[in-house]
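Working notes for the structure below.
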Amino acid sequence: MNSAVVVFVAILGLISCKTITLTYTDCGGSTSHGHVTSFTYAPNPGVSGAPIAITAGGNVNEAVTGGTFKFDVFLSGIAVFHHEHSVCGSDSVDLPLGLGHLDLNLLSCPVSSGPITLKIGLTVSDSVPSGDVILKATATDSAGGALLCLDVTSHIA
């Protein structure tokens with residue numbers, strides 16, 4: 001086999017797309033004012049280097065006029081990133097270490113008690129090693145009370 005072909009095949013192996021499957025857990029306790037009850041994403045499974053559209057649905061038992069949304073990203077159990085934003089509106093976040101990018105479309109405040117929808121665009125970089133990347137997200141209301149809690153595991157293979 002020609003050495004140029006061998007090098008090309010080796011490079012293809014290094015930059016190939018990885019498969020991404022997502023799972024979620026609502027981690028809100030009994031005092032939480034809201035819970036996530038549905039979680040979908042497309043494409044399913046996702047692939048590295050391409051956007052994954054996530055929709056999380058649930059309910060809140062109070063009107064929401066403001067608050068704080070926080071999330072932490074863990075790679076192989078090590079916290080690699082922390083971010084905070086208003087629970088209302090949108091945010092765009094580049095993850096560190098070339099892990100990827102998040103587009104957050106959170107609550108359109110004010111929100112009445114009842115159903116809610118959060119939309120998240122996730123792009124995982126091709127350079128992320130295989131394994132699990134965990135995103136732990138919490139939201140508090142404007143009085144500091146627990147509003148939502150969501151753990152998302154991205155299994156990358």
Minimal non-hydrogen separation, Asp151 against Cys27, with atom names:
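Residues Asp151 and Cys27, closest heavy atoms: OD1-SG, 3.7 Å.
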Residues in side chain to side chain contact (heavy atoms under 4.5 Å, CB included) with His85, at least two apart?
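Only His83, Asp91, Leu106 meet the side chain to side chain contact (heavy atoms under 4.5 Å, CB included) criterion with His85.
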Side chains of [X] and [Y]: does their closest heavy-atom pair fall under 4.5 Å?
{"X": "Val124", "Y": "Ile156", "value": "yes"}
{"X": "Asp26", "Y": "Leu150", "value": "no"}
{"X": "Leu135", "Y": "Leu102", "value": "yes"}
{"X": "Val64", "Y": "Leu147", "value": "yes"}

Applying side-chain contact (heavy atoms from CB on, under 4.5 Å), run through Leu104 and Phe71 and close with a yes or a no.
CA-CA 11 Å; Leu104 306 170; Phe71 72 86; 3.9 Å; yes
For Ser92 and Asp103, what are the C-alpha separation, side-chain angles and deciding distance, and is it a side-chain hydrogen bond (donor to acceptor under 3.5 Å, both in side chains)?
CA-CA 5 Å; Ser92 184; Asp103 288 313; 3.0 Å; yes
If hydrophobic clusters are built from ILVMFWY residues whose side chains come within less than 4.5 Å, do Leu97 and Val133 share one?
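Yes, it is one cluster - the side chains of Leu97 and Val133 are joined through contacts under 4.5 Å.
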Does the [X] side chain pair with the main chain of [Y], one donor and one acceptor, at a distance under 3.5 Å?
{"X": "Tyr24", "Y": "Thr37", "answer": "yes"}
{"X": "Ser32", "Y": "Gly34", "answer": "yes"}
{"X": "His101", "Y": "Val93", "answer": "yes"}
{"X": "Ser125", "Y": "Gly98", "answer": "yes"}

Using a strict cut-off of less than 4.0 Å between a Lys/Arg side-chain nitrogen and an Asp/Glu carboxylate oxygen, indicate whether Lys136 and Asp72 qualify as a salt bridge.
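Salt bridge absent between Lys136 and Asp72.
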Ignoring hydrogens and angles, write down the donor-acceptor pairs under 3.5 Å from the side chains of residues 38-51, residues two or more places apart or on other chains.
from, atom 1, to, atom 2, distance (Å)
Ser38, OG, Gly57, N, 3.4
Tyr41, OH, Leu22, N, 3.0
Tyr41, OH, Asn44, OD1, 3.0
Ser48, OG, Lys18, N, 2.8
Ser48, OG, Asp126, OD1, 2.6

